[in-house]
Amino acid sequence: MAKTFYIVDDHELLRIGTISFIEKKSDWICKGNASTPESALSDLALLSGGNILPDLVISDLNFSGDDAGFDLIAKLHSLYPELKIIVYSMFFSAGMVQTAIQNGAAGYISKNAPSDELIECMENAFSGKTFVQKELRENLVKFNSFTDALTQREKQVMALILQNLSNMQIAEKLQIRQRAVENYISSIYEKTGINDKKEFISQFGK
């Protein structure tokens with residue numbers, strides 16, 4: 001049986017080009033595409049209802065709304081646990097890679113990577129393996145070594161710091177007091193040895 005994929009990206013020419021390349025260079029078949037997370041969720045619900053859900057979704061992260069790409073991954077992972085999701089994005093910071101994986105992505109690859117690596121990422125995800133582009137792995141290992149000592153809440157705060165959100169925005173996202181956010185940030189800096197937000201983002205941010 002053919003392996004199938006669905007692609008979500010707001011650049012039409014990139015979607016068309018990516019679909020064409022994958023179908024020409026592999027045995028994967030495209031089941032559809034969308035320009036927005038909302039359209040993708042609607043399409044995939046219909047495909048699921050017809051028992052023709054694709055094996056894998058390729059998604060960008062850069063949509064309107066700061067967390068739209070991450071939210072799409074989390075929703076798809078929750079709705080369709082069997083569906084493999086990989087990120088194909090121009091953004092490739094360690095923080096974004098880690099957040100995508102935590103939200104349910106099975107792979108992460110930069111749009112700057114050789115095209116063949118996208119198919120390699122798809123094949124690994126299909127076989128149940130997590131695949132991160134080679135050039136991103138070293139920084140991800142370093143990032144994870146920084147986060148090992150953090151609590152789950154501190155990791156949530158740090159992920160939002162790396163999205164360059166203000167303390168007030170972080171408080172709103174997590175539905176906690178701004179003073180609590182400030183305390184978490186102080187603890188993060190103390191545990192990691194990083195001195196301020198600017199340094200954090202320069203190492204692990206966008």
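The structure presented is a predicted model; accordingly, all values stated were derived computationally and were not measured. FYI, side chains are in, hydrogens and waters are out, and symmetry mates aren't considered; it's all heavy atoms of this structure.
A search for side-chain hydrogen bond (donor to acceptor under 3.5 Å, both in side chains) contacts involving N33 returns R15, not counting sequence neighbours. Residues meeting the side-chain hydrogen bond (donor to acceptor under 3.5 Å, both in side chains) test with D55, sequence neighbours left out: T4. Qualifying side-chain hydrogen bond (donor to acceptor under 3.5 Å, both in side chains) partners for S39, counting only residues two or more places apart in sequence or in other chains: T36. Contacts of K111 classified as side-chain hydrogen bond (donor to acceptor under 3.5 Å, both in side chains), with partners at least two apart in sequence or in another chain: D9, D60.
In terms of hydrophobic clustering, with Ile, Leu, Val, Met, Phe, Trp and Tyr side chains grouped at heavy-atom distances under 4.5 Å, L79 and I101 are assigned to a common cluster. Hydrophobic clustering (ILVMFWY, side-chain heavy atoms < 4.5 Å, transitive): F126 and I85 are in distinct clusters. Clustering ILVMFWY residues whenever any of their side-chain heavy atoms sit less than 4.5 angstrom apart, transitively, puts L46 in a cluster other than the one holding L53. In the hydrophobic clustering of ILVMFWY residues, with side-chain heavy atoms under 4.5 Å counting as a link, L118 and L83 come out apart. Residues L44 and F63 share a hydrophobic cluster, clusters being chains of Ile/Leu/Val/Met/Phe/Trp/Tyr side chains in contact below 4.5 Å.
Of all the heavy atoms in A100 and I73, the pair that sits closest is O-CG2, 4.0 Å. Pairing each heavy atom of F21 with each of D116, the nearest pair is CZ-OD1, 3.6 Å. Across all their heavy atoms, A125 and I86 have their closest contact at CB-CG2, 3.8 Å. Across all non-hydrogen atoms, the minimal contact from L61 to M96 is CD1-CE, 3.9 Å. Of all heavy-atom pairs between M122 and L56, the closest is O-CD1, 3.7 Å. Nearest heavy-atom pair across E154 and I188 is O-CD1, 3.3 Å.
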Using the rule given for side chain to side chain contact (heavy atoms under 4.5 Å, CB included), can you reason through C121 versus Y108, listing the C-alpha separation, both sets of side-chain angles and the distance that settles it, and then say yes or no? CA-CA 8 Å; C121 185; Y108 199 114; over 6 Å; no
Next on the checklist: The test is side chain to side chain contact (heavy atoms under 4.5 Å, CB included); show your working for R153 and I176 and say whether it passes.
Outcome noted: CA-CA 11 Å; R153 179 62 91 182; I176 58 178; 4.0 Å; yes
- prompt: Is there a side-chain hydrogen bond (donor to acceptor under 3.5 Å, both in side chains) between S35 and E12 once you walk through the steps?
  reply: CA-CA 7 Å; S35 61; E12 182 179 8; over 6 Å; no
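Looking at Q169, its side chain does come within 3.5 Å of a backbone N or O of S166 through a donor-acceptor pair. Of the possible polar contacts, none joining the E117 side chain to the I109 backbone as a donor-acceptor pair under 3.5 Å is found.
Residue M168 holds its CE atom at 13.5 Å from CZ of R177, rounded to the nearest 0.5 Å. Expressed to the nearest 0.5 Å, how far OH of Y88 lies from CD1 of I7 amounts to 8.0 Å. Distance check: I161 CD1 to Q156 CD gives 12.0 Å after rounding to the nearest 0.5 Å.
You'll find the side chain of T151 reaches within 4.5 Å of the side chain of K191, heavy atoms only. Annotation: side chain of V181 is not in contact with side chain of L160 (no heavy-atom distance under 4.5 Å). Put simply, the side chain of M90 reaches to within 4.5 Å of the side chain of N112, judged on heavy atoms.
For residues 40-50, the set of pairs meeting the side chain to side chain donor-acceptor pair (under 3.5 Å) definition, not counting sequence neighbours, comprises Y6-D43. Residue pairs satisfying the side chain to side chain donor-acceptor pair (under 3.5 Å) criterion with at least one member in residues 121-134, sequence neighbours excluded, are listed as follows: K3-E123, W28-E123, Q133-E135.
Under the side-chain contact (heavy atoms from CB on, under 4.5 Å) test applied with I58, the options I19, V87, I22 reduce to a single match, I22. The side-chain contact (heavy atoms from CB on, under 4.5 Å) test with L76 is passed by exactly one of V57, D71, V8, N103: V57.
Annotation: Q175, atom CD; neighbour count of heavy atoms from other residues, nucleotides and ligands within 6.0 Å does not exceed 12.
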